[in-house]
Amino acid sequence: MTEDTRSRKAVAEPPAPNPYRALWALLIGFFMILVDSTIVSVAIPAIMTGLDAGISEVIWVTSSYLLAYAVPLLITGRMGDRFGPRRLYLSGLAVFTVASFACGWAPTIGILIAARAVQGLGASMLTPQTMAIITRTFPPDRRGAAMGLWGSTAGAAILVGPIAGGLLVDTLGWEWIFFVNVPIGMIGFVMALRLVPRLPTRSHRMDLAGVLLSAIGMFCLVFGIEEGENYDWGTITGQITVWRLIGLGLVVMALFVIWQKVNRREPLVPLSLFADRNFSAAGTAITVMGFVTTAMAFPMILYAQTARGLTPTESALLMLPMAVLSGVLAPVVGQYINNHSARPVAVSGFLLLAVSMGLYAYLMQPRFSVLWLLVPSALMGIANAGIWGPLSVSATRNLPPDRAGAGSGVYNTIRQVGAVIGSAGIAVFMQARLTAEMPAMPGGMNMGQVGSSTLPAFLAEPFSRAMSQSTMLIAAICLLGAAAALLLVWRPAPARATAQ
């Protein structure tokens, strides 16, 4: 019996007797996506050297992935409702796995960027389905524990990604950070095929105008911010300037919001979702988290490898306390927020995250031992455990089953919007601080060409200052997340007898 046939049945298909079986299968794909992101962060200097790329080019290895990830999320969430979240999850996992092989094979930076965009498309098909299935198979009073496992998976990925990436880069080469996804993807596909249930589907109209407007607006904004420094914030081509492109992006995104408001059929983003205070507050906070988690990797990894001469593996091990504490504490926090307010936990998490970023910035100086960086790493692990699960539970707690796909798509989209802006914004800020702090390089050379070479002592100090100042920007952004988390409210949720 097909999923579409099931959707026409008068009685909804009952959920799997044990939804945790499906959850564990879904977390394989979620884990792989997060591992892939952290692996790439560690390998940035090696990719710059191996493909003869500058920092502005290698940033697009992440940005193309994030852009292709973020733009389709709204529609892929709806497609999960229409064609079945299981079907979309499996399709996305297959696309991601094949694209991973293409990334490892890429002989040029341009081909790598293109393959990463295809990876992003696969991730956009997969990600909303994980939250939608959790929302539809776990009742609200048990969802905190499920989201806690979701958060602990993120902690494990933060640990495995950098360490595995460092080992692979040091031994086999940067290509293997992508090849490693192939066997993981195949295992995850078989597990999901066997364990993830088919859920009832619902017919949806596709808001093609909304998709087009959001894609154009996002591309203009990200490209303008990302490439502005390369064009000296002037003319790109013809009459197109950086600021005109950014302005066009803002106008198109405003038109997108207006269209969602006046579209009486079925808008891509049901603005009624934002009438729920928790969804709006959690959405704002997760946007900040997307910015922070993407942006913080660049100055950290470049400082450890370029200023201090650490290998990829050694620099990855500096994240060990963060990964361990996040993975251990996330399930505990998930159990706690089943019956308690998420607000104090999330606010404390963001404040502690800001402290850890400020401490990183202070310690990123050649006069300190790199081992001191383990302290803010531990603080960050505690902070992460108090953010991911509580925000996800708050956002989905009041979602009805027929809004699960749309809500998950919107929530993940705004998180990825934050990640895209974080990737672009930190690149601009880092380049500006490098220009201000570094002495003029012979022959017009800029710091984007340093790659994985260790700097001489007279350059290491100003380079470290530039990375430290960039990290302080991230610390300030964390405070916006704390302000958003203050708006969360909590009411005990009644248990649902059945999931739909």
Side-chain angles (χ1 to χ4, degrees), residues 77 128 130-132 134-152 154 257 260-261 269-293 329-355 382-418 477-497 499-500:
T130 60
M131 286 190 66
I134 291 172
T135 302
R136 294 174 64 180
T137 56
F138 285 87
D141 62 331
R142 293 175 57 199
R143 206 173 291 157
M147 289 296 183
L149 286 174
W150 196 62
S152 64
V257 174
Q260 299 307 289
K261 184 178 179 65
V269 176
L271 297 183
S272 59
L273 288 171
F274 295 97
D276 180 77
R277 177 170 167 176
N278 275 356
F279 189 88
S280 296
T284 302
I286 202 64
T287 304
V288 171
M289 199 59 183
F291 182 107
V292 171
T293 53
L329 294 177
V332 178
V333 172
Q335 291 287 354
Y336 175 81
I337 61 176
N338 272 336
N339 299 300
H340 299 84
S341 174
R343 180 171 63 184
V345 180
V347 171
S348 300
F350 273 110
L351 292 177
L352 190 58
L353 192 62
V355 171
I382 300 171
N384 280 337
I387 295 174
W388 289 100
L391 292 184
S392 300
V393 170
S394 299
T396 61
R397 193 174 189 87
N398 299 322
L399 285 183
D402 62 345
R403 289 293 179 91
S408 299
V410 172
Y411 183 80
N412 282 285
T413 296
I414 54 185
R415 174 174 64 86
Q416 285 305 116
V417 167
I477 296 294
C478 292
L479 299 178
L480 298 178
L486 276 172
L487 300 177
L488 295 173
V489 295
W490 181 78
R491 290 181 294 273
R496 278 208 316 256
Q500 307 205 17

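Starting from 1, each residue takes its place in the sequence as its number.
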(message) Using every non-hydrogen atom in the two residues, find where Ala282 and Ser394 come nearest and quote the distance to one decimal.
(response) CB-CB, 4.3 Å
(message) Ser272: which residues meet the side chain to side chain donor-acceptor pair (under 3.5 Å) condition with it, sequence neighbours left out?
(response) Arg403
(message) Run the side-chain contact (heavy atoms from CB on, under 4.5 Å) test against Thr287 and tell me which residues pass, sequence neighbours left out.
(response) Ile414
(request) Looking only at non-hydrogen atoms, find the nearest pair between Val333 and Pro390 and report the distance. (result) CG1-CG, 3.8 Å
(message) Is any side-chain heavy atom of Val257 closer than 4.5 Å to one of Gln260?
(response) no
(request) Mind listing the closest non-hydrogen atom pair of Val347 and Ala482 along with its distance? (result) CG2-O, 3.9 Å
(request) Measure the CD1-CG distance between Ile382 and Leu353 for me, rounded to the nearest 0.5 Å. (result) 11.5 Å
(message) When you compare the side chain of Val410 with that of Phe274, does any pair of heavy atoms fall below 4.5 Å?
(response) yes
(message) Donor-acceptor pair, distance only, cut-off 3.5 Å: does the side chain of Arg415 make one with the backbone of Met289?
(response) no
(request) Find the distance between CD1 (Ile337) and OG (Ser392) and round it off to the nearest 0.5 Å. (result) 8.5 Å
(request) Answer whether the closest heavy-atom distance between the side chains of Val288 and Phe350 falls below 4.5 Å. (result) yes
(request) Rounded to the nearest 0.5 Å, what's the gap from CG on Leu488 to OG on Ser280? Could you check? (result) 10.5 Å
(request) Flag the pair Leu351 / Leu479 as yes when at least one side-chain heavy-atom distance between them is below 4.5 Å, and no otherwise. (result) yes
(request) Can you measure from OG1 (Thr293) to CD1 (Ile286) and round to the nearest 0.5 angstrom? (result) 8.0 Å
(request) Please report the closest heavy-atom contact between Ala346 and Leu391, naming both atoms and the distance. (result) CB-CD2, 4.2 Å
